[in-house]
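One structure is given below, encoded as structure tokens.
Note on naming: letters A, B, ... go to the chains in the order of the sequence lines (proteins, then strands), and numbering restarts at 1 for each one.
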Number of protein chains: 2
Amino acid sequence: MGVFKTHLRRSGYKITAPREAVLAVLENEKGHLHPSDILLKARAIHAGVGRATVYRTLDILKMLNLVRPIYINEAGPSYMRVAGGHHHLVCSNCGKVVEFDACNAGDLQRKLARKHRFVIQSHLLEFYGQCEDCRN
Amino acid sequence: MGVFKTHLRRSGYKITAPREAVLAVLENEKGHLHPSDILLKARAIHAGVGRATVYRTLDILKMLNLVRPIYINEAGPSYMRVAGGHHHLVCSNCGKVVEFDACNAGDLQRKLARKHRFVIQSHLLEFYGQCEDCRN
DNA sequence: GCCTATATTGAGACATATTCTCACTTGGAG
DNA sequence: CTCCAAGTGAGAATATGTCTCAATATAGGC
């Protein structure tokens, strides 16, 4: 059974077919998705899922810190699973996004958590500039 | 004279009163602003600034890499000046944002720039979690 | 300072994204 | 199995962003 589903159930949310479809879509997704993509994919699993249900489910998942909105370069936010860190190298000109792994945020994270009394679950590190093709 | 104004002029853009109002708002802002806030503040400087002018000016500033969209927790993106790095500790629950200074992204930035042939101007590092008040 | 070509403007139409409302449905505790 | 609060989809309402166009204002040439 999906992790998301377990979390929702444990938090007292009912597991309905439309909701389950949305959960499955998000859980199986490696990258990030727009709400409209989520709607389409969810409808492929359970025909007739409504737009509102996608947004409602996203709200719950955000509250439970299972999913996080992220802005890359498009019109609206995309959503992705919360899982440690995400690292992007973004070209401000053409919008190309390169993902990278190396990240030394661990120490800083511990320090900040202690100092500001936060429980930290994930982070986002993005560098902005111009890619090879776009720098003239 | 404002830095933004100088940049626009140098790039061949005309300096008009409405545009100047928008520039002033963004230039004087320390944090981040929604387009709707920008509109209001710009209208306080020059009555009658149109919504389109705000978006048009933001587009120019984005192209010139003077300003960058950023997603915190609200509905849409906010905009902030590009200036090295921005560092936020964000509570996913209540939306509180703590800014911090310490950041060791410099080395990584140089490495990535070389490897992916990017010219990097700025970065964003955000940690997500729950603040003291929100963690139960 | 005046003139002109042209970039820029605001209004409001349009397009898109998100939220809300409400009558109907359904999961799951008892 | 029953019951009812939680959840649902449709579509209205709102929020956000883009486009068009006639009117205006800037900056450079004189």
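At whole-Å resolution of the value, CG in A/Asp37 and P in C/dA17 are 10 Å apart. Atom NE2 of B/His46 and atom C1' of D/dT26 are 13 Å apart (whole Å). Rounded to whole Å, atom C1' of D/dA15 lies 16 Å from atom CD1 of B/Ile38. Between the C1' atom of D/dA10 and the CG atom of A/Leu39 lies a distance of 13 Å, rounded to the nearest Å. We find that CD of A/Glu20 is positioned 20 Å from P of D/dA6, with the value rounded to whole Å. B/Leu58 places its CG atom 15 Å from the P atom of D/dC19, with the value rounded to the nearest Å. As a whole-Å value, the separation of B/Leu61 CG from C/dT8 P is 13 Å. Look at NE2 on A/His34: it is 18 Å from P on D/dT16, rounded to the nearest Å.
Of the possible polar contacts, none joining the B/Arg19 side chain to the B/Thr57 backbone as a donor-acceptor pair under 3.5 Å is found. Counting only distance, with no hydrogens or angles, the side chain of B/Arg117 and the backbone of A/Glu132 share no donor-acceptor pair below 3.5 Å. Although no hydrogens or angles enter the test, the distance criterion places no donor-acceptor pair under 3.5 Å between the side chain of B/Glu20 and the main chain of B/Ile15. Counting only distance, with no hydrogens or angles, the side chain of B/Asp37 and the backbone of B/Leu33 share no donor-acceptor pair below 3.5 Å.
Under the salt bridge (Lys or Arg N to Asp or Glu O under 4.0 Å) criterion, A/Asp59 pairs with A/Lys62, sequence neighbours left out.
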I'd like to know whether B/Glu29 forms a salt bridge (Lys or Arg N to Asp or Glu O under 4.0 Å) with B/Lys41, so could you lay out the CA-CA distance, the side-chain angles of the two residues, the decisive distance to 0.1 Å, and finally the verdict.
CA-CA 11 Å; B/Glu29 179 61 33; B/Lys41 296 199 179 201; 3.8 Å; yes
Start with the C-alpha gap between B/Phe100 and A/Leu108, add the side-chain angles, then the distance that decides, and say whether side chain to side chain contact (heavy atoms under 4.5 Å, CB included) holds.
CA-CA 11 Å; B/Phe100 61 90; A/Leu108 187 53; 4.0 Å; yes
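In terms of heavy-atom proximity, B/Leu39 sits nearest to B/Arg51 at CD2-CG, 3.7 Å.
Both A/Ile60 and A/Arg43 lie close to DNA chain D; mapped to their nearest nucleotides by heavy-atom distance, the more 5′-ward contact belongs to A/Ile60.
Judged by distance alone with a 3.5 Å cut-off, a donor-acceptor contact links the side chain of A/Arg51 to the base of C/dT18.
Here the side chain of A/Tyr55 is nearest to one of C/dT19, D/dT16, C/dG10, namely C/dT19.
The overall bend of the helix from C/dG1-D/dC30 to C/dG30-D/dC1, read as the angle between its terminal helix axes built from five base pairs each, is 40° when rounded to 10 degrees.
Side-chain contact check for B/Ile60 versus B/Leu66: every heavy-atom pair is 4.5 Å or farther apart.
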Reading nucleotides 20-30 of chain C from the 5' end, what letters show protein touch, with B for base, S for backbone sugar-phosphate only, - for no heavy atom under 4.0 Å?
BB-----BS--
